[in-house]
Amino acid sequence: MAGRYELSDQRWQVIEDIVSPPQAMGRPRRDDRQMLNGILWILCAGAQWRDLPERYGPWKTVYQRFRQWRDDGTFDHILSRLHLRLREDGYMDLNTWMVDSTSIRATRSASGAGKKGGQLEPLDHALGRSRGGLTTKIHLLCDSQGVPITFSLSAGQRADSTYLTELLEKVRLPGRAGRPRKRSRYLVADKGYDSDALRHYCTRYGMRPIIPRRRMHRRPRPGLPHQFDRPKYRQRNVVERLFGWLKEKRRLNTRYDKLASSYRAMVTLACIERCMRVDFSDRT
């Protein structure tokens with residue numbers, strides 16, 4: 001039986017070929033499942049890498065494995081695999097998606113990375129000054145079942161509406177046949193996303209935006225939809241509850257990582273665990 005924060009046998013079988021491919025030659029590796037369980041312990045407990053329990057092996061080895069899987073796309077591959085399973089088994093809603101953001105406080109140790117991180121690392125490392133001090137903002141897109149679809153990171157002072165298009169352009173929900181799903185029928189968001197440009201973008205791709213207008217925009221204008229589906233808008237609490245669940249992972253609730261790529265990997269791991277919980281909730 002798996003211990004706390006650790007993968008069960010059933011969950012491990014789903015991702016084993018991704019995390020632990022056959023090794024034809026070279027020095028034998030430490031057990032990949034043990035390494036992944038150690039990374040999940042760090043995610044949930046929020047401790048420093050040096051405080052990793054000995055049962056997971058040397059902390060430096062676990063940290064190096066985390067960096068390897070972060071850089072080679074292993075975590076993203078796992079999330080795509082789970083999205084495929086959820087879509088095939090009918091656990092994912094392809095019609096109604098919702099978007100929101102949350103600010104994460106960063107500690108002093110998260111700053112000072114300089115130019116580290118390579119070409120894919122943003123220059124500001126997704127750190128900025130906002131009302132809460134040094135913060136990072138998570139922009140998240142999920143479906144009406146609370147399944148995380150994709151996300152992006154930004155500095156804490158960035159406006160929510162400027163990242164919605166980027167989120168939608170990143171969506172590639174795989175399927176066994178046909179093209180990956182890229183758009184939904186309805187898009188639910190709060191007033192922070194009230195923008196003419198975003199409404200035109202949704203209309204162009206056949207999506208109906210369920211976004212309330214700000215007070216200055218209450219009167220309908222020519223060429224813009226004026227009907228507002230209030231019952232469907234009430235479903236937006238799903239993304240807020242999802243944020244609440246993700247923030248129970250202490251490594252997410254406070255940012256300690258200097259690099260945005262490392263913090264992004266932690267968020268991806270939390271999304272993986274959430275997808276596994278939805279996938280296996282009715283089977284275990």
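Everything numeric here is computed off the predicted structure, so don't read it as measured data.
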His125 side chain to Ser261 backbone, donor-acceptor under 3.5 Å: no

Side chain to side chain contact (heavy atoms under 4.5 Å, CB included) between Ile210 and Leu187, worked out: CA-CA 6 Å; Ile210 311 297; Leu187 183 66; over 6 Å; no

Distance in Å, Ile39 CD1 paired with Ile42 CD1, rounded so as to fall on 0.5 Å steps: 9.0 Å

Asp257 versus Ser262, side-chain donor and acceptor atoms under 3.5 Å: no

Side chain to side chain, Arg29 and Met35, heavy atoms closer than 4.5 Å: no

Distance (rounded to the nearest 0.5 Å) between Cys275 SG and Leu84 CG: 12.0 Å

Over 12 foreign heavy atoms within 6.0 Å of CZ, Arg250: no

Trace of the side chain to side chain contact (heavy atoms under 4.5 Å, CB included) decision for Cys142 with Phe243: CA-CA 10 Å; Cys142 74; Phe243 271 129; over 6 Å; no

Closest heavy-atom pair and its distance - Ala126, Arg255: O-NH1, 3.3 Å

Flag side-chain contact, heavy atom, 4.5 Å: His139 against Val99: no

Other residues, nucleotides, ligands: >12 heavy atoms within 6.0 Å of Arg172 CZ: yes

Under 3.5 Å: donor-acceptor pair, side chain of Lys247, backbone of Leu252: no

Identify every side-chain donor-acceptor pair in residues 232-240 under 3.5 Å, counting partners at least two apart or on other chains, and give the distances.
residue, atom, partner, partner atom, Å
Lys232, NZ, Thr96, OG1, 3.4
Tyr233, OH, Arg236, NE, 3.4
Arg236, NH1, Asp100, OD2, 3.1
Arg236, NH1, Glu240, OE2, 3.3
Arg236, NH2, Glu240, OE2, 2.6
Asn237, OD1, Arg241, NH1, 2.0
Asn237, ND2, Arg234, O, 2.6

Asp72 side chain vs Thr74 backbone, donor-acceptor pair below 3.5 Å: yes

Trace of the side chain to side chain contact (heavy atoms under 4.5 Å, CB included) decision for Tyr91 with Arg85: CA-CA 8 Å; Tyr91 286 95; Arg85 283 175 57 92; over 6 Å; no

Nearest heavy atoms of Lys137 and Ser103, plus distance in Å: CE-OG, 3.7 Å

Arg199 side chain near Asp194 side chain, heavy-atom distance below 4.5 Å: yes

Within one Ile-Leu-Val-Met-Phe-Trp-Tyr cluster: Leu259 and Tyr256, side-chain cutoff 4.5 Å: no

salt_bridge(Arg87, Asp143) N-O dist < 4.0 Å: no

Ionic contact status for Asp160 with Lys191, cut-off 4.0 Å: no

Heavy atoms from other residues, nucleotides or ligands near CZ of Arg158 exceed 12 (cutoff 6.0 Å): no

Other residues, nucleotides, ligands: >12 heavy atoms within 6.0 Å of Gln48 CD: no

Any side-chain heavy-atom pair of Ser195 and Tyr201 under 4.5 Å: no

Pairing of Arg81 and Asp17 as salt bridge, 4.0 angstrom limit: yes

Lys170, NZ atom: more than 12 neighbouring heavy atoms under 6.0 Å: yes

Side-chain touch Leu43/Glu273, heavy atoms, less than 4.5 angstrom: yes

Presence of salt bridge, Arg183 and Glu169, under 4.0 angstrom: yes

From CA spacing to verdict: side chain to side chain contact (heavy atoms under 4.5 Å, CB included), Asp9, Arg33: CA-CA 10 Å; Asp9 293 337; Arg33 183 175 180 179; 2.8 Å; yes

Test applied, ring pair (Phe, Tyr, Trp, His ring centres under 6.0 Å); reference residue, Trp49; option that passes from Trp41, Phe66, Trp59: Phe66

Met207 and Leu168, any side-chain heavy atoms less than 4.5 Å apart: yes

Heavy-atom closest contact (Ala260 atom, Glu121 atom, distance): N-OE2, 2.6 Å

Distance (rounded to the nearest 0.5 Å) between Ile149 CD1 and Ser184 OG: 7.5 Å

Spacing of OG1 belonging to Thr268 relative to CD1 belonging to Ile78, to within rounding of 0.5 Å: 10.0 Å

Arg251 side, atom CZ; Tyr263 side, atom OH - distance, nearest 0.5 Å: 10.0 Å

Distance-minimising heavy-atom pair for Phe75 and Arg70: CE1-N, 3.8 Å

Minimum heavy-atom distance Pro174-His83, with the two atoms named: CD-CB, 4.3 Å

Residue list, side chain to side chain donor-acceptor pair (under 3.5 Å) with Thr150, at least two apart or on another chain: none

Test item: Leu246 and Leu140 side chains (from C-beta on) under 4.5 Å apart, heavy atoms: yes

Trp69 vs Leu36 side-chain heavy atoms within contact, under 4.5 Å: yes

Approximate separation, where rounding is to 0.5 Å, of Ser154 OG and Tyr163 OH: 4.0 Å

Heavy-atom closest pair, residues Val62 and Gly38: CG1-C, 4.1 Å

